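Encoded as structure tokens, the structure appears first; notes follow it.
Quick caveat: nothing in here was measured; it's all calculated off a predicted structure. First listed ligand is number 1; within each ligand, the first listed atom is number 1.
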Amino acid sequence: MIEQNVKNLFAGIPDKNPFGENITVVAAVKLQTVESINRAIAAGIRNIGDNHVQEFRDKYDLICGNPRRHFIGHLQTNKIKYLLGRVDLYHSVDRMSLAEELSNKSGKAQITSDILLQINIGDQPTKGGFEYNDAENALKIIKSLPSLNVKGLMAMLPLSDDIQLLQKLAKDMRVLYDRLNDGNFKYLSMGMSGDWELCVEQGANTVRLGTSVFGARNYDR
Ligand SMILES: *Cc1c(COP(=O)(O)O)cnc(C)c1O
């Protein structure tokens with residue numbers, strides 16, 4: 001099933017978004033077994049994204065095929081040490097204290113960490129991230145931190161049936177991305193299994209897909 005899902009997915013995803021950019025598919029692997037993840041990788045998945053530090057650590061050495069590793073979940077600063085040097089891209093830098101601490105720890109380890117700023121698009125009370133209107137200011141400060149490399153933006157659209165609203169929010173994100181891009185941006189990470197097509201149409205170039213790859217998650221495990 002995973003093999004077929006991956007096949008269908010790659011058949012259905014356009015090579016490029018309307019901005020002519022390649023689309024990166026990150027498999028969201030929360031709650032998946034090592035076996036399932038390795039099957040997805042064998043079927044063609046090249047990027048995997050974890051939400052939970054403990055799961056990331058447990059699975060790290062058991063994943064085959066050397067995929068790129070993404071961290072896409074909320075990150076407590078006291079757990080950065082478990083990810084440092086092992087994550088290729090942090091999507092979910094959602095507050096200044098996390099950026100500062102990630103820069104500190106990266107500096108001490110003599111590495112530079114690639115990050116995205118998470119933007120709370122639509123001001124969702126239950127979601128983290130920088131406010132849309134604060135993003136420019138936050139970016140300015142974060143770019144002055146020595147050991148981070150800001151590679152773009154990440155957002156999660158609200159759950160809604162209002163397609164026009166979702167299109168507007170996704171478009172707003174693309175506008176912000178283009179406005180803040182200093183030439184160093186590469187990723188606008190936006191789109192999950194339920195809304196990735198809409199997001200790619202509006203200019204996302206990185207999508208994070210769980211259900212589309214693995215089927216519905218089993219939360220009882
Ligand atoms: C779980 C998760 C996804 C994928 O969700 P699906 O709806 O299963 O595709 C994407 N991004 C984040 C941050 C997630 O936690």
Side-chain angles (χ1 to χ4, degrees), residues 1-2 4-13 17 23-34 36-37 39-41 43-59 63 67-76 79-80 83 87-95 98 102 114-122 124-130 151-161 163 166 169-170 173 177 187-221:
M1 185 174 98
I2 290 171
Q4 195 59 44
N5 289 348
V6 173
K7 219 171 142 191
N8 294 346
L9 199 59
F10 284 131
I13 287 186
N17 70 9
I23 294 162
T24 300
V25 176
V26 178
V29 300
K30 58 174 174 273
L31 300 178
Q32 305 301 336
T33 62
V34 168
S36 295
I37 298 165
R39 278 170 57 192
I41 293 166
I45 290 291
R46 293 282 165 266
N47 295 267
I48 63 173
D50 271 282
N51 286 71
H52 303 294
V53 172
Q54 190 61 50
E55 281 186 45
F56 177 91
R57 295 176 68 192
D58 290 346
K59 290 177 307 207
I63 301 293
R68 274 172 56 83
R69 312 280 183 135
H70 302 250
F71 196 78
I72 63 176
H74 181 73
L75 179 54
Q76 293 170 259
K79 295 193 173 158
I80 292 171
L83 303 182
V87 166
D88 294 296
L89 183 64
Y90 297 84
H91 290 227
S92 43
V93 174
D94 57 1
R95 59 200 191 280
L98 175 59
L102 191 53
D114 286 351
I115 66 164
L116 307 180
L117 294 199
Q118 182 173 344
I119 307 298
N120 186 346
I121 189 70
Q124 304 167 71
T126 58
K127 291 265 156 56
F130 295 94
K151 305 292 283 183
L153 305 178
M154 180 268 216
M156 270 188 270
L157 297 184
L159 273 180
S160 169
D161 297 330
I163 300 296
L166 296 176
L169 294 174
M173 277 304 303
Y177 178 83
Y187 305 105
L188 176 55
S189 171
M190 178 172 68
M192 320 207 314
S193 295
D195 61 13
W196 69 262
E197 286 172 290
L198 180 153
C199 289
V200 167
E201 276 166 21
Q202 299 301 328
N205 55 32
T206 303
V207 294
R208 308 175 310 270
L209 306 178
T211 311
S212 307
V213 174
F214 299 105
R217 277 182 289 282
N218 180 358
Y219 286 96
D220 306 328
R221 244 180 3 93

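Atom numbering of ligand 1 starts at 1 in the shown order; those under 4.0 Å from a heavy atom of Gly210 are 4 (C), 6 (P), 8 (O), 9 (O). Taking every heavy atom of Leu209 and a limit of under 4.0 angstrom, the matching atoms of ligand 1 come to 9 (O). Under a 4.0 Å criterion applied to the non-hydrogen atoms of Ala28, ligand 1 contributes the atoms 3 (C), 4 (C).
Of the protein's heavy atoms, Thr211 OG1, 2.6 Å lies nearest to atom 8 (O) of ligand 1. Nearest to atom 13 (C) of ligand 1 among the protein's heavy atoms is Ile72 O, 3.4 Å. The shortest contact between atom 10 (C) of ligand 1 and any protein heavy atom is with Met192 SD, 3.2 Å. The single protein non-hydrogen atom nearest to atom 2 (C) of ligand 1 is Lys30 NZ, 2.4 Å, given as residue, atom name and distance. Ranking protein heavy atoms by distance to atom 9 (O) of ligand 1, first place goes to Ser193 OG, 2.5 Å. What sits closest to atom 11 (N) of ligand 1 on the protein, heavy atoms only, is Arg208 NE, 2.9 Å.
Annotation: side chain of Leu209 is in contact with side chain of Ile13 (closest heavy-atom distance under 4.5 Å).
Among all heavy-atom pairs drawn from Met190 and Cys199, the shortest one is O-CB, 3.3 Å. Minimum heavy-atom separation, Val213 to Ile45: CG2-CD1, 4.3 Å.
For the pairing with Asp50, the salt bridge (charged side-chain N to carboxylate O under 4.0 Å, His left out) check across Lys59, Arg68, Lys30 returns one residue only, Lys59.
Looking at Arg217 against ligand 1, only its side chain comes within 4.0 Å, counting heavy atoms.
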Next item on the list: Determine, step by step, whether Ser189 and Thr206 satisfy the side-chain hydrogen bond (donor to acceptor under 3.5 Å, both in side chains) criterion, reporting the C-alpha distance in whole Å, the side-chain angles of both residues, the deciding distance to 0.1 Å, and the verdict.
Entry: CA-CA 4 Å; Ser189 171; Thr206 303; 5.6 Å; no
